[in-house]
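All heavy atoms count here, side chains included; hydrogens, waters and symmetry mates do not.
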Amino acid sequence: MSAAIDNILKDVTRILPPLPLYIGRPLGLDSELKEATSLLEIESHASCCFMLGIHGDGDVIRKFAAELYNEIRPHFVAASFLSNISEKTNESGGGLEDLQEKLLSEMGSEVKAKIGSTEKGSAEIKRGLGNKRVLLVLDDVDSIEQLNSLAGGTDWFGLGSRIIITTRNEHKYSISEGSSSAVKEENVVGLEKDFNMVINLLKEENSPGNVVSIVGMGGLGKTTLAQKVYNSIEARQLFPRRAWATISQRPVLIQVLRNLLKCLKPKSTYENASEEELKENVRACLNGKKYLIVLDDVWDTNNPWGALRGCFPRNKNGSMILVTTRDHRVANALESKNPHLTVSLMNEEESWELFHNEVFYNTICPPELEAIGRSIAKTCNGYHWSSKPQPGLSQRGRN
């Protein structure tokens, strides 16, 4: 009877949503939690598996990761939080099989016998979770073997999965802050060919249409490429007027218009202006001018493209609109120039170069960290977004 009850409990546990972790008193890092959630693109189910790295003080980072886990776990069919990994493993890798079993158990994947080896455990994880959208937190990772044994590749987990890795390493890094109209160029690696193709398309004044589209799934580097084009000497020389707005999945038209005007007339304020007044101001700034408008992350052609299109006058002087989108159907509906540009994947060395530049800036990667750094970069499979490490937190704020 007891065995039957145990089996029923196991079956029920496998179909229940992941349980929240006990946190106690919150850290009060609401803005950081919001930013981390945004970076993970939780609403996107079709994208590849993303990794988010967090560096900093042990207790703060563990609690922050737990709060983030509780915030986003309802979006996943299975979840696991493995804490204090460095304490639970030794230099020879002992303890990793237990962690693999715990990971599988918490995610509802039945393990009928002891795993026996990390190689077998890795194969079980990939077999049992390869088609599931999962959330995995690996707390206090300090060796390449830990990472390879618990999350050896993004293909181990289903589409839309997210992996959060915390480490106590002292090398910290920051990200810039600002509005969507402040266009900061990121480290650009492996995009030179794509950059030249976009610039050439923007120079084609006599070809039909004035829309150029960069198309591809999340993480390919569409926004990074658009930033490089927008900030380039070539674009500055070609287009006396330039403006940038991020659209995203749930755009607010009045905010999009304000962001365009922040680029076109940065010293003016439009907080009290109506939607129609904002549209008229955008038209007035662009009328008769040769301009480049970048609309980043357009999801459909109804909102807000339908309302925005009338703001961009057809000056017949080579003015262009550069769009980034995940969907070729959006590019077609906007009557984009053909062919649509799809960002190329990076090779392993380019992934490592981008990762290294983002983490260590102008310094050299310490030899003892290079192996794990290269391993993280390799698991990103050439994607630009996922190869970029995310902000470390050591105290209240970013460091």
Side-chain angles (χ1 to χ4, degrees), residues 180-247 260 263-264 282 285-299 301 305 308-309 311-347 349-351 353-354 357 382-385 387-388:
S180 59
S181 62
V183 183
K184 175 183 178 293
E185 184 177 335
E186 306 288 352
N187 278 318
V188 179
V189 176
L191 293 175
E192 290 78 10
K193 181 180 177 181
D194 299 322
F195 168 80
N196 290 329
M197 289 179 66
V198 175
I199 291 294
N200 288 334
L201 287 170
L202 294 175
K203 289 180 178 178
E204 293 179 355
E205 297 184 11
N206 298 323
S207 62
N210 70 330
V211 179
V212 174
S213 289
I214 304 172
V215 184
M217 66 187 295
L220 278 179
K222 302 184 297 296
T223 298
T224 301
L225 176 58
Q227 288 171 338
K228 180 174 176 63
V229 170
Y230 183 91
N231 291 324
S232 68
I233 295 174
E234 292 90 337
R236 293 174 188 271
Q237 291 175 341
L238 283 169
F239 306 102
R241 293 287 172 91
R242 294 173 303 123
W244 176 294
T246 299
I247 307 302
L260 290 171
C263 297
L264 297 169
V282 172
C285 289
L286 300 178
N287 195 34
K289 306 294 184 180
K290 186 176 181 181
Y291 60 79
L292 172 65
I293 300 294
V294 178
L295 301 178
D296 181 41
D297 199 18
V298 178
W299 284 70
T301 57
W305 175 256
L308 282 175
R309 190 67 183 91
C311 298
F312 308 140
R314 293 183 176 273
N315 293 333
K316 297 184 179 179
N317 60 359
S319 294
M320 291 288 175
I321 300 169
L322 178 61
V323 172
T324 73
T325 179
R326 302 169 185 234
D327 195 337
H328 281 280
R329 291 172 296 182
V330 170
N332 288 329
L334 300 182
E335 299 181 351
S336 299
K337 291 174 179 282
N338 285 313
H340 307 150
L341 187 132
T342 302
V343 181
S344 306
L345 294 175
M346 294 183 292
N347 59 37
E349 280 305 310
E350 289 171 336
S351 293
E353 182 184 350
L354 175 58
N357 291 348
Y383 291 92
H384 292 256
W385 189 95
S387 296
K388 289 172 53 181

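For the pair V323/S336, no side-chain contact is recorded, criterion being any heavy-atom separation below 4.5 Å from C-beta on. Within the 4.5 Å cutoff, no side-chain heavy atoms of Y291 are placed close to those of C285. The shortest side-chain heavy-atom distance between L202 and V212 falls under the 4.5 Å cut-off. L308 is listed as a side-chain neighbour of L260, based on a closest heavy-atom distance under 4.5 Å. Contact check for F312 versus L286: side-chain heavy atoms found under the 4.5 Å cut-off. Using a 4.5 Å heavy-atom cutoff, the side chains of T223 and D297 are not in contact.
For N315, there are no side-chain hydrogen bond (donor to acceptor under 3.5 Å, both in side chains) partners, not counting sequence neighbours. A search for salt bridge (Lys or Arg N to Asp or Glu O under 4.0 Å) contacts involving R241 returns nothing, not counting sequence neighbours. Among residues two or more places apart in sequence or in another chain, the salt bridge (Lys or Arg N to Asp or Glu O under 4.0 Å) test is passed with K290 by E205. Under the rule for a salt bridge (Lys or Arg N to Asp or Glu O under 4.0 Å), D296 has no partner lying at least two apart in sequence or in another chain. The side-chain hydrogen bond (donor to acceptor under 3.5 Å, both in side chains) check on N200 picks up nothing, with sequence neighbours excluded. The side-chain hydrogen bond (donor to acceptor under 3.5 Å, both in side chains) test applied to T325 returns no partner, not counting sequence neighbours. Residues meeting the side-chain hydrogen bond (donor to acceptor under 3.5 Å, both in side chains) test with R236, sequence neighbours left out: none.
Between T324 atom OG1 and L225 atom CG the span is 9.5 Å, to the nearest 0.5 Å. Within the model, atoms CD1 of I293 and CG of L264 stand 5.5 Å from one another, a figure rounded to the nearest 0.5 Å. Atom-to-atom distance recorded for K337:NZ and S213:OG is 11.0 Å, nearest 0.5 angstrom. We find the CE-CZ distance between M320 and F239 to be 6.0 Å, quoted to the nearest 0.5 Å. T224 contributes atom OG1, which lies 9.5 Å from atom NZ of K222 (distance to the nearest 0.5 angstrom). To the nearest 0.5 angstrom, L292 atom CG is 12.5 Å from E234 atom CD.
Considering all non-hydrogen atoms of both residues, N210 and S319 come closest at CB-O, 3.4 Å. In this structure, L334 and V211 approach most closely via the heavy-atom pair O-CG2, 3.7 Å.
Around atom CZ of R309, more than 12 heavy atoms belonging to other residues, nucleotides or ligands sit under 6.0 Å away.
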Discussion item. If you apply the rule side-chain contact (heavy atoms from CB on, under 4.5 Å), what do you find for W299 with D327, and how did you get there?
Written reply: CA-CA 7 Å; W299 284 70; D327 195 337; over 6 Å; no
Discussion item. Walk me through whether L295 and I321 qualify under side-chain contact (heavy atoms from CB on, under 4.5 Å).
Written reply: CA-CA 7 Å; L295 301 178; I321 300 169; 4.3 Å; yes
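The main-chain N or O of K289 is found under 3.5 Å from a side-chain atom of N317 such that the two form a donor-acceptor pair.
Annotation: ring-ring contact (aromatic ring centres under 6.0 Å, His included) contacts involving residues 316-337, sequence neighbours excluded, comprise H328-H340.
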